[in-house]
Trainee: 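Right, I'll just put the structure down here and ask away after.
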Number of protein chains: 2
Amino acid sequence: MRSPTISSVALHAGVSVASVSRVMNGFAARPETESRVRAAIADLGYQPNSAARALKVRESDQICLSFADIGNPAYVSMTRGVGRVLHESKYRLVLASSFSTVGEIIQQLESMGRGYADGLIISPIYSDPKITELISQLKMPVVLIGTLPTGLDVDNVHIDSSLGIKLAATHLKERGRSKIGLLNGPLNTNPGRRRSDGFRKVLKNLRLEIVEEQMIQADDFTSQSAYEAISRYPLISEIDALICGNDLMAAGALRFLSELGIDVPGKIAVVGIDNTELASLVKPTLTSVDLLAESRGELAANLLLDRIANPKRASKKIVVQPKLIVRSST
Amino acid sequence: MRSPTISSVALHAGVSVASVSRVMNGFAARPETESRVRAAIADLGYQPNSAARALKVRESDQICLSFADIGNPAYVSMTRGVGRVLHESKYRLVLASSFSTVGEIIQQLESMGRGYADGLIISPIYSDPKITELISQLKMPVVLIGTLPTGLDVDNVHIDSSLGIKLAATHLKERGRSKIGLLNGPLNTNPGRRRSDGFRKVLKNLRLEIVEEQMIQADDFTSQSAYEAISRYPLISEIDALICGNDLMAAGALRFLSELGIDVPGKIAVVGIDNTELASLVKPTLTSVDLLAESRGELAANLLLDRIANPKRASKKIVVQPKLIVRSST
DNA sequence: TACTTGACTGTAAACGATTACAGTTAATCG
DNA sequence: CGATTAACTGTAATCGTTTACAGTCAAGTA
């Protein structure tokens, strides 16, 4: 047996389908009509079919959130922030994650044309001209979290992660450290490249010497890769501080250092990035640069809702300031 | 300007809409027809409208995943598992999380009648007769991850978490511990209750004495609550082992114990649950019962896809065996 | 050649909502 | 009391697909 439709309700209530629809959407109706419709709805357990509604009004009531990998705690926080905001709205959250290649992102973006979402929040880990082009051609509101590619005119939530590196490095210098290493993620990712650029720039400004070997890249942003990467770090006995690509990587580094009996922060101070819950759970607790992923998610979601409500406003760019949270690893 | 529709494509290709539809859905067509349709699709950048298709074929190509809070790493792993499986399929993943009350779950379940999802994977943290009833009335395939309420006939992926407690307690007894504490989450949740029941039962079987004060409940499953709860644990100086509701809570406990200068595992051995990445990142590394959240997610997703393909098969129940991963905290 | 067959193709009716428009009531006013 | 108006209601078109059914056309068969 099929679910009740608006016609069954109309029949049951002895009114027209239009009246049912109007009652449901809050338009004026005679009290008598309204109560009969409501009674019929309750009797039949009617729920409007979302596909039919979506087809007619051209709104899916869905928002798509797209990022690289839900394994990364920063994205989890972001998802939480977005979820919290959407939860207060009529929108459902569709997750488009787990894709790892540029090709998959492109495929994903192309399929947005099917209209299953009213808006897109995307935080691309890779930059690619094709991705930029596809985003700019999208007919729906888009919020990009991360570095906005040049020429792309969409709402943007951006955190100055090179400022994050600066906070970390300055803090380390104040603590008397002068030989700072960077344990980074892959350079072909946006965060990886920004951290590396920021690092280079900041060290120069601080008049700290810098050689290429100070920077090392792990294969990805996991603690395991970080552990493996640092175990082949050439300058391990020369540095007195280490900035890591994120907290997971920092935790991997801490493990390695502890196994080698290298004192943290005595011999080497360690700074993480993201300020996840992990930072206060490892020993020593980890100084970390908070990139406010959860609030970025909230900001992005609010920006998107605002843009949906007001499609013609000029695009906004929100810059979020990272915060350094000092703990005992420095 | 509106997106191209199947009619525009038909017009452009000089064929009927039916032919376009057939080409798109892989039905036989003359090579000439097929190539003209494909060319027109490419020319116009046509993407079929998913709402229209959903309305007609009664399939949304979406799967809904519903759980309590994406803040919990176990659910994140589960989401990952589900996401990985769905990624290989045509289905999109809709996340319905962040709800905290029974009322919200109910509301969520009621709205499933709108047909925006072809299937539901749900892992309810609370048990409630109303929830059970609503699930059983759902017209779509459902997989429940967790304890199956009596009388509910849906596919189920279940992990015997009391067996998990048993593994932990037996291991601790073998290590010569006899006074084991339980740092649990709230008792009004399914996992909380199961852990408490399991704990009671196992200790009895192991002929270890048990008093009520051995079990303590934190306000929720976070490390912070765990920290606060253990700081008012009455028997802290008497126990020689502690089983925690999950790894986060264990990490909170470890932090407290380390601040008090209580040696782990010398004075108190600590066991976590979930075996998240965190377990190998804290110091000492944490012995933990792996509840295989990610594979449960995969299993559930596969079960759901199988059920969608084959709606009349009898419901299956998959029981997953927890594994104890021994590390240095015991 | 005429007829059957098979392989495609096109027409038009759904799917279940929303909404413009016209029609119906009831209320108000002169 | 009849006319005007306001408030509500119903009819039917529409959104963009899929698909049953009937039609076309060429090839194969007698």
Side-chain angles (χ1 to χ4, degrees), chain A residues 1-38 40-41 44-62 90 111-118 139-140, chain B residues 1-38 40-41 44-62 90 111-118 139-140:
Chain A
M1 209 198 55
R2 288 239 258 263
S3 292
T5 71
I6 197 171
S7 318
S8 359
V9 175
L11 208 65
H12 192 89
V15 299
S16 74
V17 293
S19 289
V20 178
S21 175
R22 278 186 291 250
V23 167
M24 302 237 316
N25 293 291
F27 291 95
R30 233 169 52 213
E32 149 93 13
T33 309
E34 171 154 357
S35 61
R36 288 170 65 177
V37 169
R38 296 217 179 280
I41 288 176
L44 304 177
Y46 168 72
Q47 290 281 131
N49 177 298
S50 36
R53 171 162 228 279
L55 173 58
K56 184 62 187 169
V57 305
R58 314 184 116 70
E59 283 174 15
S60 62
D61 290 356
Q62 299 192 144
K90 66 177 177 180
S111 81
M112 298 305 296
R114 292 165 181 259
Y116 64 80
D118 299 341
K139 300 198 173 74
M140 71 188 67
Chain B
M1 206 198 58
R2 288 239 259 262
S3 292
T5 71
I6 197 171
S7 319
S8 358
V9 174
L11 209 65
H12 192 91
V15 299
S16 73
V17 292
S19 290
V20 178
S21 175
R22 277 186 291 251
V23 167
M24 301 235 319
N25 293 291
F27 292 94
R30 232 168 53 212
E32 148 93 13
T33 309
E34 170 154 357
S35 63
R36 288 169 65 177
V37 169
R38 295 217 180 282
I41 289 176
L44 303 177
Y46 168 71
Q47 292 279 130
N49 177 297
S50 37
R53 170 162 230 279
L55 173 57
K56 184 62 189 169
V57 305
R58 314 183 115 71
E59 283 174 14
S60 62
D61 290 356
Q62 299 191 144
K90 66 177 178 180
S111 81
M112 297 304 297
R114 291 166 182 259
Y116 64 80
D118 299 341
K139 300 198 173 75
M140 70 187 67

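We name chains A, B, ... by the order of the sequence lines, and we start the count at 1 in each one.
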Trainee: Which whole-number value in Å describes the distance from B/Ile6 CD1 to C/dG10 P?
Mentor: 12 Å
Trainee: Would you please confirm or rule out a distance under 4.0 Å between OP1 or OP2 of C/dA17 and any side-chain N or O of A/Tyr46?
Mentor: yes
Trainee: Are B/Arg58 and B/Arg53 packed together at the side-chain level, in the sense that at least one heavy-atom pair is separated by less than 4.5 angstrom?
Mentor: no
Trainee: Could you check whether any side-chain heavy atom of A/Ser8 comes within less than 4.5 Å of a side-chain heavy atom of A/Leu11, counting everything from C-beta outward?
Mentor: no
Trainee: Is there side-chain contact between A/Leu44 and A/Val9, with at least one heavy-atom pair below 4.5 Å?
Mentor: yes
Trainee: Minimum heavy-atom separation for A/Ala117 and A/Met112, please, with both atom names.
Mentor: CB-CE, 3.8 Å
Trainee: Say whether, by atom type as modelled, one donor and one acceptor occur between the side chain of A/Ser60 and the main chain of A/Ala54 under 3.5 angstrom.
Mentor: no
Trainee: Quick one, B/Lys139 and A/Arg2 - any side-chain contact, counting heavy atoms below 4.5 Å?
Mentor: no
Trainee: Check whether any side-chain heavy atom of A/Lys90 sits under 4.5 Å from a side-chain heavy atom of A/Glu59, and report yes or no.
Mentor: yes
Trainee: Considering residues at least two apart in sequence or located in another chain, which fulfil the salt bridge (Lys or Arg N to Asp or Glu O under 4.0 Å) criterion with B/Arg38?
Mentor: B/Glu34
Trainee: What is the distance, to the nearest angstrom, from the CG atom on A/Leu44 to the P atom on C/dG16?
Mentor: 14 Å
Trainee: Could you identify which residues of residues 14-30 of chain A place a heavy atom less than 4.0 Å from some atom of DNA chain C, listed by residue number, or say none?
Mentor: A/Ala18, A/Ser21, A/Asn25
Trainee: Within the distance-only criterion (no hydrogens, no angle test), does the side chain of B/Gln62 pair as donor or acceptor with the backbone N or O of B/Tyr116 below 3.5 angstrom?
Mentor: yes
Trainee: Heavy atom of residues 49-62 of chain B under 4.0 Å from DNA chain C: which residues?
Mentor: B/Leu55, B/Lys56, B/Arg58
Trainee: Just by modelled atom types, is the B/Ala29 backbone N or O under 3.5 Å from a matching donor or acceptor in the B/Thr33 side chain?
Mentor: no
Trainee: Which part of the nucleic acid does B/Arg2 contact within heavy-atom distance under 4.0 Å: base, sugar-phosphate only, or nothing?
Mentor: sugar-phosphate
Trainee: How far does the helix from C/dT1-D/dA30 to C/dG30-D/dC1 bend, going by the axes of its first and last five pairs, to the nearest 10°?
Mentor: 50°
Trainee: In the structure I gave you, are the side-chain heavy atoms of A/Tyr46 and A/Ile6 within less than 4.5 Å of one another anywhere?
Mentor: yes
Trainee: Quick one: does B/Asp118's side chain get under 4.5 Å of B/Asp61's, heavy atoms only?
Mentor: yes
Trainee: Return all side-chain donor-acceptor pairs below 3.5 angstrom for residues 12-24 of chain B, not counting sequence neighbours, or 'none' if the list is empty.
Mentor:
| unit_1 | atom_1 | unit_2 | atom_2 | d |
| --- | --- | --- | --- | --- |
| B/His12 | NE2 | B/Asp43 | OD2 | 3.0 |
| B/Ser16 | OG | B/Ala18 | N | 3.4 |
| B/Ser16 | OG | B/Ser19 | N | 3.3 |
| B/Ser21 | OG | B/Asn25 | ND2 | 3.4 |

Trainee: Rounded to whole Å, please give me the gap between CZ in A/Arg36 and P in D/dC8.
Mentor: 16 Å
Trainee: I'd like a table of atom pairs between the protein and nucleotides 25-28 of chain C - only N or O on both sides, under 3.5 Å - with the distance next to each one.
Mentor:
none

